2 protein chains.
Amino acid sequence: MRSLGCWMPTKGIDLFFLKTRKNENIDMLQFLTLDLLPAKNGEEPTMQFLLEVVDILTNYVRKTFDRSTKVLDFHHPHQLLEGMEGFNLELSDQPESLEQILVDCRDTLKYGVRTGHPRFFNQLSTGLDIIGLAGEWLTSTANTNMFTYEIAPVFVLMEQLTLKKMREIIGWPDGEGDGIFSPGGAISNMYSVMTARYKFFPDVKTKGMTAAHRLVLFTSEHSHYSIKKASAALGFGTENLILLSTDERGRVIPADLEAKVIDAKGCVPMFVNATAGSTVYGAFDPIHEIADICEKYNMWLHVDGAWGGGLLMSRKHRHKLSGVERANSVTWNPHKMMGVPLQCSAILVRERGVLSGCNSMCAGYLFQPDKQYDVSYDTGDKAIQCGRHVDIFKFWLMWKAKGTIGFEHHIDKCLDLSHYLYTKIRDREGYQMVFEGEPQHTNVCFWYLPPGIRDMPDGQERRDRLHKVAPKIKALMMESGTTMVGYQPQGDKVNFFRMVISNPAATRSDIDFLTDEIERLGHDL
Amino acid sequence: MRSLGCWMPTKGIDLFFLKTRKNENIDMLQFLTLDLLPAKNGEEPTMQFLLEVVDILTNYVRKTFDRSTKVLDFHHPHQLLEGMEGFNLELSDQPESLEQILVDCRDTLKYGVRTGHPRFFNQLSTGLDIIGLAGEWLTSTANTNMFTYEIAPVFVLMEQLTLKKMREIIGWPDGEGDGIFSPGGAISNMYSVMTARYKFFPDVKTKGMTAAHRLVLFTSEHSHYSIKKASAALGFGTENLILLSTDERGRVIPADLEAKVIDAKGCVPMFVNATAGSTVYGAFDPIHEIADICEKYNMWLHVDGAWGGGLLMSRKHRHKLSGVERANSVTWNPHKMMGVPLQCSAILVRERGVLSGCNSMCAGYLFQPDKQYDVSYDTGDKAIQCGRHVDIFKFWLMWKAKGTIGFEHHIDKCLDLSHYLYTKIRDREGYQMVFEGEPQHTNVCFWYLPPGIRDMPDGQERRDRLHKVAPKIKALMMESGTTMVGYQPQGDKVNFFRMVISNPAATRSDIDFLTDEIERLGHDL
């Protein structure tokens, strides 16, 4: 057979020549995928194969929560590409045995990163919720699509009820409004900009951006880069996204917003994004003051609560989003602070009708008006997607299993842990906080200063050396596989660690482990 | 506790008052989610719970392939919302027992639709591939994110290798180019329009649509509605999407394209979408002739092969996409014709650099340039998403397990089956084909005419009655739960059935069952 690059019509090869084995008296692992369901007599090998896979997965789960397991077994790209023993990433024309498939599954997990490990702090999404995991397994098994009630009746209703609950928690009267689950916070934020544009300039849908004046958008210089991506993608242009100054702790200065709105001469100020929980500092913009300005100048207020939205579930911490009920739209990612498996992000819109008005195209082959059931439940047309993954079930199931108070407990615990870290290191020798005062979210941003740097005079040389410390410690951490935490520069601040806690498995001892590890690996740098 | 609408700061409730049970001598199903990992002693209940879930899922899988099982157990939205016995969709403040969670899982599957059933023909994505299912279970367990090599080393490499393989199969020299997996064909098509715009008018990224002349896009009147959604979302406007006429079988007439390009005075013709496998007719636009016109007028050629791309895997059928190697970009959804579980869609771009140029924003907190490994593997910045679900693993694993020839075999088999259906009904009494000649893809479009309509003279009354036949049969099918097939009107053609075959479990007997069922349910209409 010629290589795939030349995969062209030749005399067909009968696939079945490969399948000469009989089912009896042979190790099931010698089977091929062809022996599985829907094959005749495929039930037994199918069940056996799936149980073997489950055995691999449950072992992985068990070990993930065991602190003696490494977070990762780091290899460079070229090493994995060259092929580890028995693990070859290349695809071929011929099938592999199911035995090899099981080996491939084991190796895929072996060389990956255990994001559920109690000492994985690297991203805003961490942890492995068992109920959520079961929910995803079920979702995969149901393997359906959110576009219509017809083929996803239960999931469509779960989505509607859950979105309503989220709107109630935001504080919109009777949970009225609209919304949809989208493939991540960036797309949810993109929805907010699109929806705002449709509300003010509905003709853009048909006539394009030329139907509107030059529109400008506002967001914090600390906000997530997805607002910038949306302004590029949707045809606004990144230069028409005005960045707002922040205070020392990364919160938008409302007076700066108003000044820039006034300053936007010849343009139409249309949209303001307020961040509830910024990516690096975990800052919450002052929503009430921003809402006042939005009302005064007739602008759409979006709250990007991708990271901070979860705090709405906590009676102790929800005040940080005070004013969110005045937003026109809200992004809220249960896959971050609420520990729902990836992906689970919602865009919520206060006014009903505008989301579907913005996006609907009424495709006849999907959204037939003459079905036997109430087609107002065919909600897919308000998405920019056609097919849409079922992201709701795991979240719904977790909510059932934990109750609202379970989410509250989780969030309060994470914030307690970050308070513990903050109080531990704020005055500790060798640490310097990036900003003063108690963090608002679980983000704790700090420099670790190896002894050799501590006494250096402030200046370029010290900055240059400090800039290299976090990357070096991070590299050593990954190579030893003990823990993972993020770092980055921000504005004129050189590389610092950003510790975030959303992992339900983390305890104080894991926080202690992290600081010990930073000191151990960084001491001699 | 007050209702969630008033979920406001009050005196905290200790969650643990709910957990007074001991682990010993108690049915594990009386446990709460709090008893599972990471709880102390959580390993045993966790394993037991997951195995109970797997038992539910494997039973579901087993029954799905059993033809005596119903495809669905239909209920109206209000019935499910009112609550079936023991199945309450409402969320509450308090946790449920794990026993109830297992009941919820069973009921969710019970009231859903078995998209893997051998007689489910309702969508372009059907079937339940066991290897793909195992792949999704593993993906959920790994629960990571595609943005960086750092936290998804194996998956990032699998994506790169698989995309390269797909580009080789398209026919681009050495598989060069770029690409990314996206959350569905609609988003992949959106990428193509964005990328084309960036190639011709890179300033739009920063300055917005005002940096370009009035741009126009072209697509078939039979093309997927996502092209229209993209033109609205990206700021072109749907009026600047010019619809192309098709021949009787739904294929673009190249002369119509050229005439409309010439006719687009004062505008810049920028982008042409050629559909490879249209949604309803399964038509393949003549790519070579369209490519000639694109080259002549310097336009971007996109091939939407979301549905038909899979045929590239078949040496017998890939000629239908002849010329695809001349495209600038291609959408190809393995989750449709190749039977990969939802979601799995790729956008492939011939020229390297333009996709990342279009979308990258270089967020410092994710894409640090000073990592210890080759950061060219941090591919996330070319996405419009930030977090991105791992869609690659199930596809990679299926490819390993089947080999390229396994996909070829599946596709050839589906096309053989649709040929069987076509030859069976084209001259059969009571059937009328929507267009003449052998379908190009597995779409077989036809009217069923109940005896009472057959002899009616052509005219409005006959049309009106015929228009109601397919919805009525479909409603009866769903209520009896025996099979599912789609219908829709198209242009001036009244409602007709669109049979599509992508289900690996389907056999000739299932096709026979479908026509028998249509006749049984439709005979007296």
Side-chain angles (χ1 to χ4, degrees), chain A residues 5 9 15 33 36-38 53-54 57 65 77 91 93-96 101 111 113 115 130 134 136 140-141 143-144 151 154 168 183-184 186 205-209 225 232 235-239 315 341 343 361 363-365 370 372 377 385-387 389 399-401 403-404 409 471 475 488 505, chain B residues 5 9 15 33 36-38 53-54 57 65 77 91 93-96 101 111 113 115 130 134 136 140-141 143-144 151 154 168 183-184 186 205-209 225 232 235-239 315 341 343 361 363-365 370 372 377 385-387 389 399-401 403-404 409 471 475 488 505:
Chain A
L15 189 55
T33 177
L36 302 178
L37 286 172
V53 170
V54 167
L57 300 181
F65 289 98
L91 300 167
D93 295 354
Q94 304 302 323
E96 275 184 359
I101 291 300
Y111 298 109
V113 176
T115 60
I130 300 299
E136 272 298 79
S140 316
T141 311
N143 191 33
T144 194
I151 63 156
V154 181
E168 283 172 10
K205 182 176 178 181
T206 49
K207 298 189 187 308
M209 286 296 271
Y225 71 105
F236 293 85
T238 54
E239 287 177 6
R315 284 164 288 186
Q343 59 191 34
M361 294 292 168
Y365 77 96
D370 46 11
Q372 86 270 38
Y377 289 93
Q385 300 178 265
C386 171
H389 189 258
W399 203 322
K400 277 274 179 188
T404 313
H409 176 74
Q488 67 286 299
Chain B
L15 189 55
T33 177
L36 303 177
L37 285 172
V53 171
V54 167
L57 300 181
F65 288 99
L91 300 167
D93 295 354
Q94 303 303 323
E96 275 184 0
I101 291 300
Y111 298 110
V113 176
T115 60
I130 300 299
E136 272 297 80
S140 314
T141 311
N143 192 31
T144 194
I151 62 156
V154 182
E168 284 170 12
K205 182 176 178 180
T206 50
K207 297 188 188 306
M209 286 296 271
Y225 71 104
F236 293 85
T238 53
E239 287 177 6
R315 284 164 288 187
Q343 58 190 35
M361 295 292 169
Y365 77 96
D370 47 10
Q372 86 270 37
Y377 289 94
Q385 300 179 265
C386 172
H389 189 259
W399 203 324
K400 277 274 179 187
T404 313
H409 175 74
Q488 66 285 299

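Convention: sequence-line order gives letters A, B, ...; per-chain numbering from 1. Since this is a predicted model, take the numbers as computed values, not measurements. Hydrogens, waters and symmetry mates play no part in the numbers below; they use all other heavy atoms, side chains included.
For a residue to count as touching a neighbouring chain, one of its non-hydrogen atoms must lie under 4.5 Å from one of that chain's; by this rule B:Tyr377 touches chain A with the side chain only. With a 4.5 angstrom heavy-atom cutoff, B:Tyr111 touches chain A via backbone and side-chain atoms both. For A:Tyr365, the parts lying near chain B are the backbone and the side chain together; criterion is any non-hydrogen pair under 4.5 Å.
With rounding to the nearest 0.5 Å, the separation of CG in B:Asp93 from CH2 in A:Trp399 is 9.0 Å.
Of all the heavy atoms in A:Thr33 and B:Ala401, the pair that sits closest is CG2-O, 3.2 Å. Smallest separation of non-hydrogen atoms from B:Leu57 and A:Thr141: CD1-OG1, 3.7 Å.
Ranked by heavy-atom pairs under 4.5 Å with chain A, the list B:Ala134, B:Ala186, B:Pro38 is led by B:Pro38. Comparing B:Glu96, B:Gln488, B:Gln343 by heavy-atom pairs within less than 4.5 Å of chain A, the highest count is held by B:Glu96. Heavy-atom pairs under 4.5 Å with chain B were tallied for A:Gly364, A:Ala505, A:Ala475; the largest tally goes to A:Ala475. Listed options B:Val53, B:Val54, B:Ile130 were ranked by heavy-atom pairs under 4.5 angstrom with chain A; first place goes to B:Ile130.
Under a 3.5 Å cut-off, the side chain of A:Gln385 and the backbone N or O of B:Gly184 do not form any donor-acceptor pair.
The side-chain heavy atoms of B:Glu136 and A:Asn143, taken from C-beta on, include no pair separated by under 4.5 Å.
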